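Keep in mind the model is a prediction, meaning the values are calculated, not measured.
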Amino acid sequence: MSDASKARSGIVQGIRWNIVTTVLRRTMSLALLLALASWLSQSDLGLFRTYSLILTMLTIFAVLGMDSNVITMKRHRLLAIHSFAQLGIGFSVIISIVMVFIAQSFGNLYHSKELVILLRCTSIFVVVEALRRLLRSIAQVRLKFKELALAETWNVVFYCSLSFAVIPFYRHVWVYVVAYYLGNLVECLFLAYYLKPIPTLRFKRLFSLKWMGYSTAIIARYKAFLLNVSAIHLLNTYAGNAPILFLGTFVEAASMGQYFFASQLIGVPVVMFTTAVGQVLYPVFAQSERERTITNINTYARLTLALGMPLLMLYAFGLGKLVPGFFGDKWNEAVALLFCLMPFFGSSMLNDPISGIPFVYRKPHYELVWNIVSLTLRIIALWFGLGYGFVVAVLCFSLVSALMNLLFYLMSLILLRASIKDALRQLLMRGLIIAGLGYAFYMAYNTPFALLYGAAIFALYVALLYLFSGQVIRDFMRVVL
C-alpha cells in the first residue's frame with residue numbers, strides 16, 4: 001500500500017471511529033439536555049451558557065494559541081509542548097485567581113448575581129480547561145484519534161451520569177456546571193494516562209528556570225503567530241456566540257436560555273459531524289501535501305452539501321413538531337429560533353472542519369481579517385434585528401453568519417490554490433437543490449401527517465441522489481463501513 005493510500009485509510013478510519021463515538025456522546029448529551037429542559041428554568045440554562053462562554057474566553061487568554069502552535073509546528077514540537085505546559089498552565093493559574101476579583105464585573109455586565117458566585121467558586125476550572133487543551137493537542141499531533149474519542153466519551157458518560165443522579169433531587173444550575181467541568185477533568189486524566197510518557201513534561205523541567213528560558217524563547221520566536229491565533233480564537237468565539245455574549249447584555253437571561261436550548265438542539269448533529277471530522281482533518285492537513293488536502297476537502301464538501309445539510313433539515317423539521325409535544329408552551333420561542341438558526345449551523349458544517357487551513361499554512365492573518373469583518377457584521381445584524389425583536393435579531397445573525405462561512409470556505413480554497421470556479425459551481429448546484437428540498441419541507445410542515453410526509457420527502461431525495469449522484473453514496477459508505 002502506498003503512503004498516500006495509507007494516509008487516506010488512516011483518515012477514513014479516524015473519521016469512522018470518531019463518528020461512532022460522537023454519535024454515542026451526542027445522544028447522551030441530547031438526552032440530558034431534554035431532561036434539563038424539564039428540570040431547570042430558561043434562566044438557568046441561559047446562566048450556564050453565559051458562564052461557559054466566559055470560561056472559554058478566559059482559557060483562550062491563558063493558552064495564547066499554544067495549542068495551534070503545537071499542532072502546526074514541524075520543528076521544535078517537543079519544546080512547543082513544554083512551553084505550553086509550563087507557561088499555558090501557569091497563565092491559567094494566574095487567571096483563575098484574577099477571576100475571583102473580576103467576577104463582579106461580569107455579573108454587572110450580564111445582570112446576574114448568580115453568575116458572580118459561579119465564577120468565584122469555580123475559577124479553578126480555567127486550569128482544567130488549559131490542561132485539557134494541552135493533552136488534546138498532543139493526542140492530535142500523535143494522531144491518537146481512538147484515544148481522543150474514548151477520552152471524550154468517558155467525559156460525557158461521567159458528567160451525564162452525575163447530572164442524572166443528582167439534579168432531579170437538587171435542581172440548581174451549579175450542579176450541572178460542576179458535573180460538566182468534572183467531566184472535562186476525567187477526560188484529562190484519561191489522556192494523561194494513555195499519552196505517557198511525554199519526555200518534555202517531566203516534573204523537574206516544569207519548575208526549572210532554565211527550561212523557563214527555553215519556553216519564553218519559543219514563545220518570543222513565534223509571538224506573531226501566537227498573537228494572531230489568540231485574537232482569531234477570541235473573535236471567533238465571540239462572533240459565533242454573539243447572541244449570548246452581545247445580546248445577553250440587553251435582554252433577560254430567560255431569552256438566553258431559549259437561545260441556548262434551540263442552539264443545542266439544532267447543533268447536536270452539526271457538532272457531531274464537524275467535531276468527528278474536524279479533529280481528524282486538522283492534524284492530517286498539517287502533515288499532508290497540498291493536493292491530498294484539496295482532494296479531502298472536495299470529498300468532504302460533496303458529502304456535506306449532498307447529505308449533511310439535507311439531514312439537518314429533516315432533523316429540524318422533526319424537532320419543530322416534537323418539542324411542543326414534549327414541553328408544551330415552555331420552549332415555544334426555541335422552536336422559532338430552531339428554524340432561524342438553520343443557515344448558520346448548515347453553513348458551519350461546510351466551514352468548521354476546514355477552519356484550520358490558515359493555521360496549517362501559517363497565514364493566520366487571513367483568518368484574523370475575516371474574523372474582524374465577520375464579528376463586525378454579526379454585531380450590526382444583531383443590533384439591527386433587535387429593533388424588531390429577539391427572534392428577528394437571531395435570524396439576521398444567522399443569515400450574515402452563513403454568508404461569512406461560505407466566504408471562509410472559498411478563502412481556504414484560495415490559500416490552497418484550488419479551483420474556485422469548480423467550488424462555486426458545486427455550491428450553486430447543491431444550493432438550488434437544498435432550497436428546493438427546504439420548500440418541500442415547508443409545504444409539508446402544517447399538514448395533518450407532517451412527520452410522515454417529511455420522512456417520505458427525504459427518502460425520495462436519497463433515492464434520487466443514489467440514481468444521479470452515486471459518488472456521494474460511495475463516499476458515504478466508504479466512511480461508514
Under 3.5 Å, side chain of [X] to main-chain N/O of [Y], donor-acceptor pair present?
X: W370; Y: I232; answer: no
X: S123; Y: S96; answer: yes
X: S398; Y: V394; answer: no
X: K321; Y: Y445; answer: yes
X: W331; Y: V323; answer: no
X: R25; Y: A149; answer: yes
X: T50; Y: G46; answer: yes

Report the residues that fulfil side chain to side chain donor-acceptor pair (under 3.5 Å) with S43, sequence neighbours left out, ordered by chain and then residue number. none
Sequence neighbours excluded, the answer for side chain to side chain donor-acceptor pair (under 3.5 Å) partners of R378 is S374, S401
Can I get a per-line list of side-chain donor-acceptor pairs under 3.5 Å for residues 238-249, giving both atom names and the distance, sequence neighbours left out?
residue	atom	partner	partner atom	Å
N241	OD1	R49	NH2	3.0
N241	ND2	T237	O	2.9
T249	OG1	F246	O	2.7

With a cut-off of 6.0 Å (strictly less than), are more than 12 heavy atoms of other residues, nucleotides or ligands near CH2 of W174? no
Within 6.0 angstrom of M429 CE, more than 12 heavy atoms from elsewhere: yes
Criterion ring pair (Phe, Tyr, Trp, His ring centres under 6.0 Å) on W383 and F250, from CA distance to verdict: CA-CA 10 Å; W383 183 263; F250 299 100; 5.6 Å; yes
